[in-house]
There are 2 protein chains.
Amino acid sequence: MPSESRSGRPPTIHTVAARAGVSKSLVSLVLQNSPNVSAQRREAVLAAMAELGYRPDPVARSLVQRRTRTIGVVIDDLSNPWYVDLLHELRPVLHEHGLRPLLADGRTEPDAVNALSDLRVDGIALVGTPSPSAVAQVNELAGRLPVVVAGSREPRLATVDLVANDDDAGARAVTAHLVELGHRRIAHIVGEGEVGLIRRAGYEATMHGAGLAPETAQGDWTENTGIRVAMDLLRADDRPTAIFAANDLAAVGVLTAADELGLRVPEDLSVAGYDDDFFSRMRRIALTTVDPHITDVGREAGEVLVARLSGDTRSTATRLLRPTLVVRSSTGPAPGH
Amino acid sequence: MPSESRSGRPPTIHTVAARAGVSKSLVSLVLQNSPNVSAQRREAVLAAMAELGYRPDPVARSLVQRRTRTIGVVIDDLSNPWYVDLLHELRPVLHEHGLRPLLADGRTEPDAVNALSDLRVDGIALVGTPSPSAVAQVNELAGRLPVVVAGSREPRLATVDLVANDDDAGARAVTAHLVELGHRRIAHIVGEGEVGLIRRAGYEATMHGAGLAPETAQGDWTENTGIRVAMDLLRADDRPTAIFAANDLAAVGVLTAADELGLRVPEDLSVAGYDDDFFSRMRRIALTTVDPHITDVGREAGEVLVARLSGDTRSTATRLLRPTLVVRSSTGPAPGH
DNA sequence: CTGAAAGCGCTTACAG
DNA sequence: CTGAAAGCGCTTACAG
């Protein structure tokens, strides 16, 4: 093992300098690819580094450079796998720029934003609908740290960039799809937070535009609530012939409720969701839904953060990606059509 | 904003000391709850900290203490949501001990272990089947850093703790369940790596014990391969009446293949998986499977790491949690029983 | 092109 | 109980 000195500690620039017969400063310059180093000395230093297995200590570097090359990622709810696709594209963007995600669960860690800020992260990404405490803490940061919100529509602060999909357009598209299939009684299970409100508004606008009466029931983002709410809706005398749930997890709950009540999908009931979660693609589920291009949201959120870190001082903005309607076999013509 | 000094930089122990009229060392002692500080001075320091909004810089602390309170978490494949439940319990354990997970994707980042080690993480958790390069890098670490493997059965190195479920027992339980249902032709779709081999061995042992001939087909952990392999198996003249797939994702592929071929589940074909992934609980899927208690695996992995960091020097060990058979509606009596 | 010095914000012995 | 000093491993002006 050439990588350890006699002291048992990993080599430092000091060790390298001694080995190469130069000063510590010179080693540092080589480390930073400074052009002001003669080829001969550069070679000597590089050779010494290789022999010793030298790896620069990022902690020391962080201390003097005042940046940790670390991004705090606060995920609203680590147990909801919705964030998986988003993280999948966010991480490589950070990685390309020498940044790493430091994870926190916003749900179980109300102080996450402050904690990450104390840790001197270089920036923060809020993934999913942030908790009120997270919003308050971001507000207090007052732009001292770049913050990007990914996949949510709040908070809309002057100091925060936001990347999401156009929830209004998505909700309109899926509602219009159901209207075109001849459905008149189309219920909507409402989601939480700003995203829930926007999807609901898109649904209502489309219903009104078609001369139909909206019918909403409050839900959340979970499958269980989807089951419960759908049960109530479907047991009514004049039950809807279509249900648009605010997300796929809730829509799967609707499927379950329909199975439970002996209703065939889509013959007796059309079901649509939102998010295009990976399980929605399973043929057993085959859910009509809206693809919010969440991996693109993740990538763009990473790019925004990277740009801010490299000095982009343009005013913060909201970027809305255009979502796509994905028609699968959970929706079909209204009964009698 | 009382938290910033005129210089625009956050307050340091120096600022606090000046404000409280004491030396820097004293501030440091207060920070560490040293008993050797008079109540009066302690109060003065605490008050100064509060007024200034002082937050100790963990970077400086890391440099001198030689630990970053950060754990590198290498997830074999960030796009396979299998790890979600594991992370869900691993993170809180770390958090309770002032540690945070620094994420890496083992699949897209072959150098992840070295990179995290260079970053001076205090320990490493390998989640899922590690890549060969990750194994090699862990081997090179030679115990310089505590490493725990969670949810996999490899590598079995003298320097590595391992927490997983008893894949052999789980595979035996699910196979026995199918045998008891009267199935004679039970095929197994084999998974990858050591875990795949162990589950296969459990299946084969149980088949032999029941006087039945094992029938295996090589798969991987994906749904698509599950579909393809199941198609081949089910199109054969003497098709199996039951298929045990090495994980739930592949089992869902089997369900899809069965639907495609017009086979009813479980009347014509019983299907079982392994992992009890969250989608398996959806009533549309309702997969008979093995619950490996992955959240417990995550928690124990975290506890092992924490123990190592607090000086536990007992020889490394493998902990195998007892898995549980979960019978749902995808399995039933063999045709004719 | 190169080296000696100062400093990043802490902690840790070491004296008193 | 308290303070002055050294040092963690780097980078950053600053002289030559």
Side-chain angles (χ1 to χ4, degrees), chain A residues 3-5 7-46 48-49 52-69 98 117-120 122, chain B residues 3-5 7-46 48-49 52-70 98 117-122:
Chain A
S3 64
E4 307 264 332
S5 71
S7 69
R9 283 198 192 160
T12 69
I13 48 169
H14 187 252
T15 332
V16 174
R19 179 91 163 213
V22 301
S23 75
K24 285 178 285 180
S25 317
L26 222 243
V27 175
S28 184
L29 289 179
V30 171
L31 235 32
Q32 295 151 208
N33 273 308
S34 163
N36 300 333
V37 179
S38 64
Q40 195 179 9
R41 301 224 167 190
R42 178 186 306 278
E43 286 312 316
V45 170
L46 257 21
M49 286 180 177
L52 295 166
Y54 170 76
R55 314 291 307 178
D57 185 335
V59 177
R61 185 174 277 173
S62 289
L63 182 61
V64 56
Q65 290 188 152
R66 305 203 148 55
R67 55 177 176 178
T68 56
R69 301 187 170 279
S117 160
D118 287 348
L119 285 170
R120 312 303 200 252
D122 293 343
Chain B
S3 63
E4 307 265 333
S5 70
S7 69
R9 282 198 192 161
T12 70
I13 49 168
H14 187 253
T15 333
V16 173
R19 179 90 161 214
V22 302
S23 77
K24 285 179 283 180
S25 317
L26 223 243
V27 175
S28 185
L29 289 179
V30 171
L31 235 33
Q32 294 151 209
N33 273 309
S34 163
N36 301 334
V37 180
S38 63
Q40 196 180 10
R41 300 225 169 191
R42 178 186 305 278
E43 285 313 314
V45 169
L46 257 22
M49 285 179 177
L52 294 166
Y54 170 76
R55 314 290 309 175
D57 185 336
V59 177
R61 186 174 277 172
S62 290
L63 181 61
V64 56
Q65 291 187 152
R66 301 201 154 54
R67 55 177 177 181
T68 55
R69 302 185 170 281
T70 266
S117 159
D118 287 349
L119 285 171
R120 311 301 200 255
V121 295
D122 293 343

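All values reported here derive from a predicted model rather than from experimental measurement. So that the names make sense, note that chain A is the first sequence line, chain B the second, and so on, each numbered from 1.
- Counting all heavy atoms, side chain and backbone alike, A:Leu52 lies closest to A:Arg19 at CD2-NH1, 3.7 Å.
- The interatomic distance linking A:Met49 (CE) with D:dC10 (C1') rounds to 12 Å, in whole Å.
- With values rounded to the nearest 0.5 angstrom, A:Ser25 atom OG is found 7.5 Å from A:Ile13 atom CD1.
- Between the P atom of D:dT2 and the CD atom of B:Gln40 lies a distance of 8 Å, rounded to the nearest Å.
- A sub-4.0 Å separation between OP1 or OP2 of D:dC1 and a side-chain N or O of B:Arg41 is absent.
- Judged by distance alone, the side chain of B:Thr68 and the main-chain N or O of B:Arg120 form a donor-acceptor pair under 3.5 Å.
- Between B:Ser38 and A:Arg55, the residue whose closest nucleotide on DNA chain D is further toward the 5' end is B:Ser38.
- Between the C1' atom of C:dG9 and the CZ atom of B:Arg9 lies a distance of 10 Å, rounded to the nearest Å.
- At whole-Å resolution of the value, CG in A:Asp118 and P in C:dC10 are 11 Å apart.
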query = Going through the distances and angles, do A:Arg55 and B:Asp118 end up as a salt bridge (Lys or Arg N to Asp or Glu O under 4.0 Å)?
reply = CA-CA 7 Å; A:Arg55 314 291 307 178; B:Asp118 287 349; 2.7 Å; yes

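- OP1 or OP2 of C:dG3 lies within a sub-4.0 Å distance of a side-chain N or O belonging to A:Ser23.
- With B:Ser34 contributing its side chain and B:Val30 its backbone, the two residues share no donor-acceptor pair below 3.5 Å.
- For the atom pair CG of A:Leu119 and CZ of B:Arg69, the computed distance is 11.0 Å after rounding to the nearest 0.5 Å.
- Comparing D:dG9, C:dC10, C:dC8 against the side chain of B:Ile13 picks out C:dC10 as the nearest.
- For B:Leu63, counting side-chain heavy atoms from C-beta on, the closest listed nucleotide (C:dT11, D:dC8, D:dC10) is D:dC8.
- Judged by closest nucleotide on DNA chain C, A:Pro35 is the one of A:Lys24 and A:Pro35 placed further toward the 5' end.
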Check nucleotides 12-16 of chain D for protein N or O atoms closer than 3.5 Å to its own N or O atoms and list the pairs.
none

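- Within the nucleic acid shown, A:Leu26 comes within 4.0 Å of sugar-phosphate atoms alone, with no base atom in reach, counting heavy atoms only.
- C:dG3 atom C1' lies 13 Å from atom NE2 of A:His14, rounded to whole Å.
- Residue contacts for B:Pro56: at a heavy-atom cut-off of 4.0 Å it reaches the sugar-phosphate backbone alone, with no base atom in range.
- For the residue pair B:Asp57 and B:Val59, the shortest heavy atom distance occurs at OD1-N, 2.7 Å.
- Atom CZ in A:Arg69 sits roughly 15 Å away from atom P in D:dC10 (whole-Å rounding).
- In this structure, CG on A:Asp122 lies 10.0 Å from CD on A:Gln65, to the nearest 0.5 angstrom.
- Here D:dC8 presents its C1' atom at 13 Å from CG of B:Asp57, a figure rounded to the nearest Å.
- Side chain of B:Arg42 to backbone of B:Gln40: no donor-acceptor contact under 3.5 angstrom is found.
- Listed nucleotides C:dC1, C:dG9, D:dC8 differ in distance to A:Arg66; the shortest reach to its side chain belongs to C:dG9.
- For DNA chain D, the stems formed by at least three consecutive Watson-Crick or G-U pairs, with both atom-pair distances below 3.5 Å, span C:1-3 with D:14-16, C:5-12 with D:5-12, C:14-16 with D:1-3.
- Between atom CG of residue B:Leu31 and atom OH of residue B:Tyr54 there is a gap of 5.0 Å, rounded to the nearest 0.5 Å.
- Where B:Val37 and B:Ala60 each meet DNA chain D at their nearest nucleotide, the meeting point lying more 5' is that of B:Val37.
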